[in-house]
Amino acid sequence: MKSFTTLIAAHLLCFLLASTSEAQQQPISGIVTDAADKTPLPGVGVLIRGTQTGATTDASGRFSINAPGNATLVFSYIGYTTQEVAVNNRQTINITLAQTAQDLEAVVVVGYGTQRRRDLTGSISSVNGEELAQMPATNPISSLQGKVPGLTVTNTGAAGQSPVVRIRGVNSTNSANPIYVVDGIIQDNIDYLNPGDIETIDLLRDPSSIAIYGLRGANGVIAVTTKRAARGKTSVTLQSITGVQHVNKTIDVVDAAGFQRLYSAQLANSNAQPFDFSNYTANTDWQRLILRDAVTTNNTLTISNSGEKNSTLVSLGYSNQAGVVRYDNYQKFIARLNEEINITDKIKVGANVTGFHWRSNPANNDLLNNALWAAPIVPVSEGNQYYSMPSFQRVQVGNPVASLNLNNRTAVNRGYRFTGSLFAEVKFMENFTLRSTVYTDLGFNNNRGYTPLPFTVINIGENGGQTTTFTDQTARTSVRQAADEFRRYQQDHTLTYDKSLEGGHRITAVAGFTTLHNSQTLLGGSRTDSTLNTPNGASYWYLGIVNENNVINNSGSGAEESNVGGFARLSYAFKDKYLLNATVRRDGSSKFAPENRWGTFGSVGLGWVISEEEFFKKAIKGINFLKLRTAWGRLGNSNITGNNLYQSGLTISSTAVFGENVYGAVQPAYTPDPNLHFEIVQGADIGLDVRALDNRLSVELNVYNKTTNGILTSFPLPGGLPPFFTNLGKITNKGIEANVGWNAKLGEELSYSLSGNFSYNKNLVNSIGNTANFQILGNGGVNVTESGQSIGYFYGYRQAGIYQSLEDIASRPSMNNSLPGDIAYEDINGDGTITTADRTYLGTPFPPYSYGMSLSLNYKGFDFLVDGQGVAGNKIFTQRRTATFAVLNYEANRLNAWSGPGTSNVEPILSSRANNYQFSSYFLESGNYFRLRTIQLGYNFKSEALSKLNIQKVRVYLSGQNVWTWTKATGYSPEAQLGDITASGADNGVYPIPAIYSFGLNVTF
């Protein structure tokens, strides 16, 4: 027994000695540096794994710690990948830490929830709200231009006007507008938001990402998250930016001398008597007189407070944009309150309320064209009497300045909007969250207007006649009044299950129910005075002020729509390597007959994070993250004009007179299809996400194919019958998208980033009414939609030069009445003559190519930003040049008009010959452009100097926006109008997009 006890004691002593040897502490030191630029990292945490013992690196990146020889050290630092290193009895350990791809860990908005970016299987891009707040735009969507591949934003310089937005082309001939989801509520626009209130904007582009929105999201989703109070902080922030808008480029028209020369040549070519210019001695630049430099300002005051149980954010905003056309003005006032209360650690309630008020004094839409067309030989005015145009254009063109001044402040346009939401959230059984939210959006717009008596007109004497004045004694004043009200009510109820399981499994499941109801009413009327004219004062501009016996016109309309849907989503990840996202939704819309209003939609997405595989880590160096993903989705599109289209509407198409009474004849507006249903949109994506070279390089690539079936179309019927509204045709959009970024440091204090994006989209109408050779015509037949071409393409003759002589006309195909100096057109069908059968495809108004690029620098307290964007591949229709029934001022290109053999092979003779006004490639120009979108220089004052004043942050900056545009387009802007899908791309005096030079100030207390 004694020997056994001795043996045990000996073994125990050996174990203790061995343990003491292993646990013996030894000093370990080293340096931690940045893997990219080898600079030391101060403040890195160094922890012995499994203990609370640790240290931090000093200003030189050095650390020192006592640890066992068999310990493992854990190095962690914000923004860098945590690294574990075995000591292995070493006393010196030097390591490098690589920066993490922080955007991969960022949370992005997906339908009815959020998800880590690294777990996405669809195409979602994000833009930080701070980028938008620094731009002098009253509408935040305007500032997205060029920042996201696949997104086309067409801006306008008109005060308060919303841009046209397209995501991955045009899916339908009806509506291509995306929906906006603001903190959960579905909207048609975000005009009421202040850029300074936005935290992030996430763009959901592919069908798999938007399928959970059922019948609403077919054109893409722009999800907006507004700011919340930061936890544990109280702050007051002022953001203010003020700028001056300036039109860098006007349309090049001839001056008085040029006009006299060209008009005289035109009269001579027409064998007409010359015009006597003796009394027309002015040289007026009408564009200069109606355009101006204009001030724009955008201000936001935000007060944020967060405590243990509740958080509150109050925001006040004011914007004032004066347009570059004189008197054009738009103001908006915004107040927002966000409140969240944690009743317990499991129960939370909250509210989000926004109040919005706008006022506008819009410019007359005809002013720009009149300024282009008015003859420069005419003076402006004498006192309150304005000169009329010469007799050859007097009926079609008015004095632009007279129109500007006459209609200034003759309208009162105001609107009010209230959006709000209330939510309650309950967490239970550790992994479940139940959330219910109710939303409302109420809008009220009131417009009143007045038509004043015209000015006295001065008619300059012509052909020896005397100059006279004229006052229209028959003119009468009139007033108009309209009230527009819209209401939106929405409710969402979701149950979320979120669980991380042993073995690397993560599951997030969401199930929900939602309803949406929209309604709108519009009432309007006008009265024209018969005896007593209404005074020019806003207090008189009501229908009840004038004589009740005066001529009155009334109008009214209304519409209602409801959507109901149930949905579910499953997100699964295994060891952060294998990803699955699947959704299903059952959705219904009141726009369609009960038997056709319901549909089932869904999506599935798969992802493989290849960089997490062991074989990849061993074989590939330099790539930090590599994910391959693919997704498919199917959803419906009910975003069409009109409601209850399965029922026949009524219209008054003709009138009849019985005695002294006039009666309208009522007939069906269209023949409804009893089987009418929503459009079906489905598509697939393949994508690749890469982070490489210590996460300095990021690359995102997407290839997609998206198809819309059953396009809702009005089909003409023979015999004068009302058109047949039915589902007809198929449209495909195919494309690629690329986004590349590079971030790095040069030394300790200089960092920079480069980024660029590119997208290409090919739109094709696969079929639409093939059996009837059906075409949808737009803009008088200039645009055509038919099978085998893109939507709304330009259709006309292709110019082949200018006929130089009668012999030239005889030697090649021509129209029957062609003369020397006329445009020669290509004989497309080869029959030897030019007829309507020779019209052909001339290009698309929608840019197939778009791109953007950005460079930013940060040095000490300074930051510098420059970015640009552009499009390519589209055409612009210069419709402003096509008038045939009046002599308008000439643009500068007409100075090169054909005047004899060999003088021009592009510009036709100066005449009103109809052949030269046939729509052709002569009236088209390239829409390609590159715009220097932003140049910005800012400075952040050092916090040490500010702390004495209890100021957290001060930043000042100077910015130039739309500084210069490189383009061959001759209009005010190369951004052709794309709002009307089947009649896009016409420039008929497009409102100028000005350069904006601004100063900004951000202060946080």
Do [Y] and [X] meet the salt-bridge criterion of a basic N to acidic O distance under 4.0 Å?
X      : Y      : result
Arg228 : Asp183 : yes
Glu130 : Lys227 : yes
Arg506 : Asp576 : yes
Glu700 : Arg205 : yes

Only pairs under 3.5 Å count here: list side-chain donor-acceptor contacts from residues 423-431, not counting sequence neighbours, and write none if there are none.
residue, atom, partner, partner atom, Å
Glu425, OE1, Arg435, NH1, 2.8
Asn431, ND2, Asp498, O, 3.1

Where is the tightest heavy-atom contact between [X] and [Y], given as atom of each residue plus distance?
X      : Y      : value
Ser603 : Thr583 : OG-OG1, 2.6 Å
Asn702 : Ser123 : OD1-OG, 3.1 Å
Thr234 : Gln952 : O-NE2, 3.8 Å
Gly111 : Tyr213 : CA-OH, 3.4 Å
Ser611 : Phe625 : OG-CA, 3.3 Å
Ala67  : Ile48  : CB-CD1, 3.7 Å

In Å and rounded to the nearest 0.5 Å, what is the [atom1] to [atom2] distance from [X] to [Y]?
X      : Y      : atom1 : atom2 : answer
Lys627 : Leu120 : NZ    : CG    : 5.5 Å
Leu697 : Leu693 : CG    : CG    : 5.5 Å
Ser125 : Asn757 : OG    : CG    : 8.5 Å
Ile28  : Thr92  : CD1   : OG1   : 9.5 Å
Leu41  : Arg62  : CG    : CZ    : 13.5 Å
Leu434 : Phe432 : CG    : CZ    : 11.0 Å

Given side chains that start at C-beta, do those of [X] and [Y] come closer than 4.5 Å, heavy atoms only?
X      : Y      : value
Phe63  : Thr56  : no
Val866 : Thr934 : no
Gln26  : Asn89  : yes
Ser126 : Leu203 : no
Leu97  : Val32  : yes
Asn739 : Phe758 : no
Leu701 : Val690 : no
Leu132 : Val127 : yes

Could you tell me how the ring of [X] sits relative to the ring of [Y]: parallel (under 30°), tilted (30 to 60°) or perpendicular (over 60°)?
X      : Y      : result
Phe567 : Tyr112 : parallel
Tyr578 : Trp608 : parallel
Tyr939 : Phe941 : perpendicular

Residue pairs meeting salt bridge (Lys or Arg N to Asp or Glu O under 4.0 Å), one or both in residues 44-61, sequence neighbours left out, come to Arg49-Glu84
Tested for side-chain contact (heavy atoms from CB on, under 4.5 Å) against Tyr572, the lone hit among Asp119, Leu579, Ile507 is Ile507
Determine, stepwise, if the pair Glu612 / Arg118 fulfils salt bridge (Lys or Arg N to Asp or Glu O under 4.0 Å).
CA-CA 12 Å; Glu612 291 294 323; Arg118 66 174 295 125; 3.7 Å; yes
Step-by-step side-chain contact (heavy atoms from CB on, under 4.5 Å) determination, Leu626 to Leu628:
CA-CA 7 Å; Leu626 176 63; Leu628 179 66; over 6 Å; no
Cut-off 3.5 Å, no hydrogens considered: what does the side-chain donor-acceptor table look like for residues 852-859, sequence neighbours left out?
residue, atom, partner, partner atom, Å
Ser856, OG, Ser753, OG, 2.4

Between Glu737 and Ser759, is the side chain to side chain donor-acceptor pair (under 3.5 Å) condition met? List the steps.
CA-CA 4 Å; Glu737 299 165 345; Ser759 60; 5.9 Å; no
Using the rule given for side-chain contact (heavy atoms from CB on, under 4.5 Å), can you reason through Thr225 versus Val109, listing the C-alpha separation, both sets of side-chain angles and the distance that settles it, and then say yes or no?
CA-CA 8 Å; Thr225 302; Val109 173; 3.3 Å; yes
Does any donor atom in the side chain of [X] or [Y] lie under 3.5 Å from an acceptor atom in the other side chain?
X      : Y      : result
Asn310 : Glu339 : yes
Thr302 : Thr237 : no
Ser421 : Thr437 : no
Ser571 : Asn581 : yes

Around atom [atom1] of [X], are there more than 12 heavy atoms of other residues, nucleotides or ligands at under 6.0 Å?
X      : atom1 : answer
Arg116 : CZ    : yes
Lys953 : NZ    : no
Lys575 : NZ    : no
Ile686 : CD1   : no

Looking at Thr630, is its backbone amide N or carbonyl O close enough to the side chain of Thr121 to form a donor-acceptor pair, meaning the two atoms are under 3.5 Å apart?
no
Under 3.5 Å, is there a donor-acceptor pair between the side chain of Thr72 and the main chain of Ala86?
no
Would you please test Arg629 and Val609 for side-chain contact (heavy atoms from CB on, under 4.5 Å) and show each step?
CA-CA 8 Å; Arg629 50 185 167 78; Val609 184; over 6 Å; no
side-chain contact (heavy atoms from CB on, under 4.5 Å) evaluation trace for Leu73 with Leu47
CA-CA 6 Å; Leu73 300 183; Leu47 185 70; over 6 Å; no
Show your working on salt bridge (Lys or Arg N to Asp or Glu O under 4.0 Å) between Lys147 and Asp867 and close with a plain yes or no.
CA-CA 9 Å; Lys147 294 187 178 296; Asp867 66 34; 3.5 Å; yes
